[in-house]
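Okay, structure first, notes after.
Quick note on labels: first sequence line is chain A, next is B, and so on, each numbered from 1.
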Amino acid sequence: MPPYNILIVEDSPTMRQLISFALKRLRVVRIVEANDGVDGLKKLSAEKFDLIFTDINMPIMDGLKLVSLVRTDSNYKATPIVVITTEGAQEDRERALALGANAYITKPIQPNNILDVARKLLKIA
Amino acid sequence: MSREEDKGMHGRAEEFLQVFKKGAEFTQDLMRENERLRYRIIELEESLPNREGASLGDEHTRLSKRIEELEREKEEILNRIKQVEAENQNFAARYIEIEEENNNLANLYIASYQLHSTLDFKEVLQIITEIIINLIGAEEFSIMLLDEKTNEIQAVACEGIQRENIPPVKLGRGVIGEVAKTGENFFVEDVSGYVQDLENPMVCIPLKIKEHVIGVLVIYKLLVQKTTFAAVDYELFTLLAGHAATAIFSSRLYSDSERKLSTIQGFIDLLTK
């Protein structure tokens, strides 16, 4: 099975490491990290990703802007996007999903939630 | 008819009578044999049901015993299945527990790794802030350090509130001062009923290096989705606070030594030039 390319867009190195550590338990993954939305777009244009994790509150370009831009790119129209955020209100969730996110995870993060969502979206048994 | 002819006729009649007699005797024998056989048939017919009944009775007993054995075996198997199911449930519950412990340990490992990845004081504070938001789920909190010269505890970093709004606290005064003095964790009993008060926080955890308190982590508000503390949070707080305390202490020492080194280097430069 070829490794799945996963992009993590998150300004906090601690969070990037936590998400990455959880995802590595899937074993068939290759993880690329980006510091913010702009860095994320650069990485997305450089190679193809199977799954994207993004934070919302980030400097330079936030996660919601990133989601909307990714969805306008024909290469990434169907790529699943997971939003991980501190914003737990229902309207925040609805907004992210309306922009094209496939899943919405709130902090504090639980590695199991990340794993479950990744498995579901990558269709890994 | 002559005398000779009469004699011949009489002999043949005798002969006929003899044959007839033998035929009658043979017929009687046949009838007796017939009677005997009929009687035998009746006897056999009478005895046959008893034999079948006896045979069926034995078979019935044997089968009943076998059924009882099988019923017992079935009962044992069902009991064993119940035991295995119970064991499976225990294993599943244990698996979930281990999985959770594993996750918590992984989180703790990453948090401590990050905390000790730098000797820059500001960076350490930033990492503590990230950990409190992302792992504990706090929205409003502060990191307060004890000034051992003045015995005053002051906020050095905060999230969700302005630092100038956080009042300094004297060692031993109020909840925060008491936690800093005793080194004991403080949690409000009812998280959902807590009303924000900067002097009476929701949670206050001492930053300790062994028994030496260097400051406190103070939480005033949790994220909307975090409505209560999980059992593991209490442990996580203490463990993280321990790592945070060491990281803060090390980075401060390093900053001080760097500053002193820079001052000494300045003096040396002045003397040698």
Side-chain angles (χ1 to χ4, degrees), chain A residues 8-27 29 31 33-36 53-59 62-63 82-97 101 103-119 124, chain B residues 95-118 120 122-141 159-160 191 203 219 221-234 236-237 240 243-244 247:
Chain A
I8 301 169
V9 189
E10 166 69 68
D11 59 324
S12 155
T14 310
M15 266 302 286
R16 284 203 302 270
Q17 206 173 2
L18 284 166
I19 300 167
S20 175
F21 201 85
L23 289 172
K24 277 177 186 166
R25 284 164 64 184
L26 291 174
R27 298 191 190 281
V29 292
I31 290 160
E33 296 179 6
N35 299 321
D36 55 60
F53 279 88
T54 182
D55 185 17
I56 288 186
N57 300 317
M58 289 184 290
D62 70 34
V82 182
V83 170
I84 302 184
T85 179
T86 51
E87 315 298 330
Q90 188 60 25
E91 55 266 30
D92 295 315
R93 178 185 293 267
E94 283 165 7
R95 197 170 156 222
L97 296 176
Y104 194 90
I105 297 174
T106 52
K107 296 174 184 177
I109 71 155
Q110 298 292 325
N112 275 355
N113 291 352
I114 291 171
L115 268 179
D116 289 347
V117 167
R119 278 200 188 105
I124 300 174
Chain B
Y95 177 81
I96 290 167
E97 271 178 37
I98 290 169
E99 185 85 347
E100 274 178 20
E101 278 175 26
N102 189 23
N103 288 335
N104 293 330
L105 285 171
N107 283 353
L108 189 64
Y109 164 74
I110 291 164
S112 58
Y113 176 84
Q114 286 291 328
L115 280 169
H116 300 298
S117 66
T118 180
D120 184 280
K122 281 187 181 172
E123 214 174 318
V124 168
L125 292 180
Q126 180 57 35
I127 292 167
I128 295 170
T129 304
E130 284 178 13
I131 289 168
I132 297 174
I133 297 170
N134 296 314
L135 287 185
I136 290 168
E139 190 174 342
E140 292 178 7
F141 58 90
E159 183 72 23
V191 174
V203 177
I219 295 175
K221 188 182 175 189
L222 297 175
L223 292 169
V224 179
Q225 60 271 22
K226 174 111 181 171
T227 51
T228 181
F229 290 118
V232 71
D233 285 338
Y234 299 100
L236 200 64
F237 269 125
L240 285 175
H243 281 286

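Residue B:Glu99 touches chain A through its side chain alone, counting heavy-atom pairs closer than 4.5 Å. With a 4.5 angstrom heavy-atom cutoff, A:Thr85 touches chain B only via backbone atoms. Of the two parts of B:Asn104, neither the backbone nor the side chain holds a non-hydrogen atom closer than 4.5 Å to a non-hydrogen atom of chain A.
The number of heavy atoms from other shown groups lying within 6.0 Å of OH (B:Tyr234) is above 12. Around CZ of A:Arg25, the count of heavy atoms belonging to other residues, nucleotides or ligands within 6.0 Å exceeds 12.
B:Ile110 and A:Thr14 get closest at one heavy-atom pair: CG2-O, 4.0 Å. Between A:Lys107 and B:Ile133, the closest heavy-atom pair is CB-O, 4.4 Å. Minimum heavy-atom separation, A:Pro108 to B:Lys226: CG-CD, 3.9 Å. Closest of all the heavy-atom pairs between B:Asn103 and A:Pro111 is OD1-CB, 3.5 Å. The shortest heavy-atom contact between B:Gln225 and A:Gly88 is OE1-CA, 3.2 Å.
With sequence neighbours left out, the side chain to side chain contact (heavy atoms under 4.5 Å, CB included) criterion links B:Ser112 to B:His116, B:His243. For A:Asp11, there are no salt bridge (charged side-chain N to carboxylate O under 4.0 Å, His left out) partners, not counting sequence neighbours.
Considering CG of A:Leu18 and CG of B:Asn134, their distance stands at 7.0 Å, rounded to 0.5 Å.
With chain A as partner, the option from B:Leu222, B:Val224, B:Leu135 having the largest number of non-hydrogen pairs under 4.5 angstrom is B:Leu135.
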